[in-house]
Amino acid sequence: MLENEVSEFEKSVITESEMSEHVNYYYQRASEGMSILHNGDKAQAMKILRELNSNLEKEYKHYKLERVEEVIDPYPAASAYKGAITEAYVQQSG
C-alpha cells in the first residue's frame, strides 16, 4: 500500500525517490495482478487491478487541477511522472 495515494506537489517537495516508489508500487502490483490472473484467479486479480485503477484515477484527477499543474509543469521529473500516470490511467484496456 502506498503511504500517500496522491503526491501533493502543491503542498510539499516531492522527491524523485518518492515518485519512483509510486511507479515501482504500480508496476509490482500490476505484475502481481497479472500473475494471479494468469494462474486462473480472476476475482483476486480484478480486486488488485481495481485498486490500482482507483489509485491512478485519484492521482490523474488531482494532477489535472490547475493549481497543481502550475507546480508540476515547470519541474521536469514531476511533469514526466504526471505524464506516466496520465498515460497509465487513460490507456487502460479490459
Side-chain angles (χ1 to χ4, degrees):
M1 181 63 87
L2 291 171
E3 185 174 323
N4 297 311
E5 288 182 345
V6 175
S7 297
E8 295 181 320
F9 291 92
E10 74 281 15
K11 292 184 179 179
S12 63
V13 174
I14 306 299
T15 66
E16 290 182 26
S17 176
E18 290 171 290
M19 290 181 258
S20 181
E21 285 177 29
H22 272 234
V23 170
N24 288 335
Y25 170 80
Y26 284 124
Y27 179 78
Q28 290 171 352
R29 290 293 285 168
S31 294
E32 179 183 352
M34 295 307 291
S35 177
I36 290 170
L37 179 63
H38 182 71
N39 290 329
D41 189 348
K42 186 175 180 179
Q44 183 62 25
M46 292 306 294
K47 181 179 177 183
I48 290 170
L49 298 174
R50 279 191 197 100
E51 169 196 320
L52 291 177
N53 183 57
S54 175
N55 289 352
L56 285 169
E57 180 179 26
K58 288 174 188 173
E59 287 200 85
Y60 172 77
K61 287 182 176 181
H62 183 77
Y63 303 149
K64 296 299 278 182
L65 297 172
E66 187 174 333
R67 72 177 191 276
V68 180
E69 284 185 324
E70 290 173 354
V71 175
I72 289 176
D73 290 347
Y75 180 29
S79 186
Y81 178 75
K82 175 189 158 195
I85 293 298
T86 298
E87 185 175 337
Y89 179 69
V90 301
Q91 296 294 327
Q92 295 180 53
S93 63

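Shortest non-hydrogen contact noted between Pro74 and Glu69 is CD-O, 4.3 Å.
Between Ile48 and Met34, every side-chain heavy-atom pair lies at or beyond the 4.5 Å cut-off. In this structure the side chain of Glu5 never reaches within 4.5 angstrom of the side chain of His62, judged on heavy atoms. With contacts defined as side-chain heavy-atom distances shorter than 4.5 Å, the pair Asn55/Tyr25 qualifies.
In summary, Arg29 and Glu32 engage in a salt bridge, as defined by a charged side-chain N under 4.0 Å from a carboxylate O.
In this structure, Asn53 CG and Lys58 NZ are separated by 11.0 Å, a value rounded to the nearest 0.5 Å. The CD atom of Glu8 sits 10.5 Å away from atom CD of Glu59, with the distance rounded to the nearest 0.5 Å. Considering OG1 of Thr15 and CD of Glu21, their distance stands at 7.0 Å, rounded to 0.5 Å. Going from atom CD1 of Ile85 over to atom NE2 of His22 covers 8.0 Å, rounded to the nearest 0.5 Å. From Tyr63, atom OH reaches atom OG1 of Thr86 across 9.5 Å, with rounding to the nearest 0.5 Å. With values rounded to the nearest 0.5 angstrom, Leu65 atom CG is found 10.5 Å from Glu70 atom CD.
Tracing side-chain contacts under 4.5 Å through hydrophobic residues (I, L, V, M, F, W, Y), one never reaches Leu37 starting from Tyr27; they form parts of separate clusters. No continuous path of hydrophobic side-chain contacts links Val13 to Val68 [ILVMFWY only; heavy atoms under 4.5 Å].
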For this session: Show the numbers, then the answer: is there a side-chain contact (heavy atoms from CB on, under 4.5 Å) between Lys82 and Asp73?
Result: CA-CA 9 Å; Lys82 175 189 158 195; Asp73 290 347; 3.5 Å; yes
Exercise. When you look at Glu51 and Lys47, which way does the salt bridge (Lys or Arg N to Asp or Glu O under 4.0 Å) test go after all the steps?
Worked result: CA-CA 6 Å; Glu51 169 196 320; Lys47 181 179 177 183; over 6 Å; no
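Legend: residues meeting ring-ring contact (aromatic ring centres under 6.0 Å, His included) with Tyr60, ordered by chain and number and at least two apart, are Tyr89.
Using modelled atom types, one finds no donor on one side chain facing an acceptor on the other under 3.5 Å when comparing Tyr81 with Glu18.
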Please output the side-chain donor-acceptor pairs of residues 38-46 that fall under 3.5 Å, not counting sequence neighbours, one pair per line with the distance.
unit_1	atom_1	unit_2	atom_2	d
Asn39	ND2	Ser35	O	3.3
Asp41	OD1	Gln44	N	3.1

